[in-house]
Engineer: 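For reference, the structure I am asking about is given below.
So that the names make sense, note that chain A is the first sequence line, chain B the second, and so on, each numbered from 1.
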Amino acid sequence: MILEGDKLTIGYPDRVVGTSLDVRMETGEVLALLGPNGGGKTTLLKTLLGLLPPKAGEVRLDGADLSSRSIRERARLIAYVPQTHVATFAFTVEAVVLMGRTAHGDLFARPTARDRMVAVTMLDRLGIAALANRPYTMISGGERQLVLLARALAQEPQFIVLDEPTANLDFGNQGKVMREIRALAASGLGVLFTTHDPNHALRAADRAYLLRGGERIAEGPTKEILTQAQLEALYGAPVRVITDATGTAFVPG
Amino acid sequence: MNNVRSAVPGFAIAIAVLIAGLLLALTVGRYPVGLGDLLSVLYAKLAGHRADVHPAVESVIFQVRGPRVIAAMLVGAALAVAGTAFQGLFRNPLVSPDILGASSGAALGAVVGIYLSLGIFAIQAVAFVGGLIAVAIVYVIGAAVRSRDPILVLVLTGVVVGSLFGAGVGLVKYLADPYNQLPAMTFWLLGSLSSTGIADLLPLFGPVALGTAVLVALRWRMNVMSLPEEEARALGVATGPLRIAIVAAATLVTSASVATAGIIGWVGLVVPHLARSLVGPDFARLLPAAAILGGGYLLLIDTLARTMAQVEIPLGILTAVIGTPFFIWLLASVQKNWS
């Protein structure tokens, strides 16, 4: 499956955030979206998810306009992992993951045995089955990120879109989320994520998309795109590169 | 299936409160009825023969206390269910059923009805319609204001429109005849079930049953509706239409109870919290638990209201006196997670 944005103008009713943006991604690959704060990453993400209508251009899924599909159909194809937040009510982890099954039932549907099975499977897959009966409000930030990822997987989508999945996570959990993203792509899902850390893109993504001031300044395979010159242009700040036999890392200069 | 098992004690407590409320409400009062008499009268009624008790006992149970008991259960359940729905919808545990102006609209309708010297049913009808109109105004304005946070706009509009209707109530009270009309208005605004008769039950039951049925049918979707707007949509829920359905159902239920019993605050705020602490936040369990507990809660309060003193104490005053300290305790003790 192919998810693409064609000459998108993105923004809100009162404000244009970005213009003439072309994006394209396929199932089985990971695309990282990088750029400075306020550059339009989240807005582009929401437009590709169909949460925000494009002001011009078209978002297409396998060639058909995304808005021609119902909101339920879309949720069965593209899942969203928001930045972790504090929930208002203390739902159990299992209940949160079950909410991922919403689009698979009609308006009055109650979760079926299969829905519960899928939820348990996804919790297992991410190694958090032990949390199933804990309140979502009482687990750590890293665990919450994994729970939201399990909820997205329970949607059984073709694409997963993650908004800064490593923000607010400790070092160990950042690594875990990066590994999970690679595993998702290996299992055939298309993954799009935003990040502030080029090293995460380098490690987990096949391609990178650099967005600054609402404009695409570069796009392509991570190893070719993520260079010192590109990153300095992207962030408008000096960047240092450290290379050894095991690989490359970027450090803010 | 751990979840199912852990909800059983919670439901048992809620049902126990309801049964205790029922027994107390039917036996206690100016004409005390023994528990044995009550049970034999109820059993005889079910079996279809006459009970071996004084006729006055039967009349107290079925004519005097019966309708009032049913009304208290319906109003309590209605306010609790509406409060539960609104707290979920607005993702805020401090919300009560009158957040969108249902009570202030109904209040304005009722005082206008009293001012125009309408009959009791006409006053209830005007109050009911007033509640619906107030919420409709709030919703139309809230939807017309473009914002990234439609929930916040809706709540703020509700507060503003509510205070405008409150000013209207003040104006009508100011103009009212201070000897005949003003006491009736004040009494109504404080909430009471003292004049509830059998004829009041049908106009109360219809809207309450309809609204509650809609909310219960949507209970699984209401879990998702308690998430941030964009998350709910990304999970495949058309939030706009669903929000209208939930607001309409909760408003129907609130307006019907306010029209019958006047303004009874706090029930719709306190009971959802109690229910949540019993069975957890999952609406599939929370809604029925809140309905049962709300019915029992208002029955107990109403029994207190008519037995505590020589004169009846308005319900709104009792619920406030009980609700305020309870809520402060709640804020202090379970603020970390509203479980």
Engineer: Counting only heavy atoms closer than 4.5 Å, note whether A:Asp106 contacts chain B via side chain, backbone, both or neither.
Structural biologist: backbone
Engineer: Roughly how far, to the nearest 0.5 Å, is CD of B:Glu230 from CG of A:Leu49?
Structural biologist: 9.0 Å
Engineer: Can any side-chain N or O of A:Arg74 pair as donor or acceptor with the backbone N or O of B:Arg233 at less than 3.5 Å?
Structural biologist: no
Engineer: Counting only heavy atoms closer than 4.5 Å, note whether A:Leu51 contacts chain B via side chain, backbone, both or neither.
Structural biologist: both
Engineer: Should we say atom CD of A:Glu26 is surrounded by more than 12 heavy atoms from elsewhere, each under 6.0 Å from it?
Structural biologist: yes
Engineer: If you count heavy atoms of other groups shown closer than 6.0 angstrom to CZ of B:Phe11, is the number above 12?
Structural biologist: yes
Engineer: Tell me which of these, A:Val81, A:Ile71, A:Leu148, A:Ile78, has more heavy-atom pairs under 4.5 Å with chain B than the rest.
Structural biologist: A:Ile71
Engineer: Taking B:Gly236, B:Gly88, B:Ser226 one by one, which has the highest count of heavy-atom pairs under 4.5 Å against chain A?
Structural biologist: B:Gly236
Engineer: Check the pair B:Leu218 / A:Leu107 against side-chain contact (heavy atoms from CB on, under 4.5 Å), numbers first and verdict last.
Structural biologist: CA-CA 7 Å; B:Leu218 292 172; A:Leu107 189 59; 3.8 Å; yes
Engineer: Check step by step if side-chain contact (heavy atoms from CB on, under 4.5 Å) holds for B:Glu231 and A:Met99.
Structural biologist: CA-CA 10 Å; B:Glu231 268 185 77; A:Met99 290 184 206; over 6 Å; no
Engineer: With chain B, which of A:Arg110, A:Arg72, A:Gln155 has the greatest number of heavy-atom pairs at distances under 4.5 Å?
Structural biologist: A:Arg110
Engineer: Taking all non-hydrogen atoms of both residues into account, name the closest pair between A:Ala75 and B:Leu235 and its distance.
Structural biologist: CB-C, 3.5 Å
Engineer: Is the B:Phe283 ring parallel, tilted or perpendicular to the A:Phe91 ring (thresholds 30°, 60°)?
Structural biologist: tilted
Engineer: What pair of heavy atoms forms the shortest contact from B:Arg91 to A:Phe89, and how long is it?
Structural biologist: CA-CE1, 4.3 Å
Engineer: For A:Asn168, does the CG atom sit with more than 12 other heavy atoms under 6.0 Å from it, leaving out its own atoms?
Structural biologist: no
Engineer: Picking from A:Ala152, A:Pro111, A:Gly50, A:Ala154, which has the most non-hydrogen pairs under 4.5 angstrom with chain B?
Structural biologist: A:Pro111
Engineer: Out of A:Arg101, A:His104, A:Arg151, which one racks up the most heavy-atom pairs below 4.5 Å with chain B?
Structural biologist: A:Arg151
Engineer: For chain A, find which of B:Asp282, B:Asn223, B:Asn92 contributes the most heavy-atom pairs closer than 4.5 angstrom.
Structural biologist: B:Asn223
Engineer: Specify the closest pair of heavy atoms between B:Trp220 and A:Phe108, including all atoms of both residues, with the distance to one decimal.
Structural biologist: CD1-O, 4.5 Å
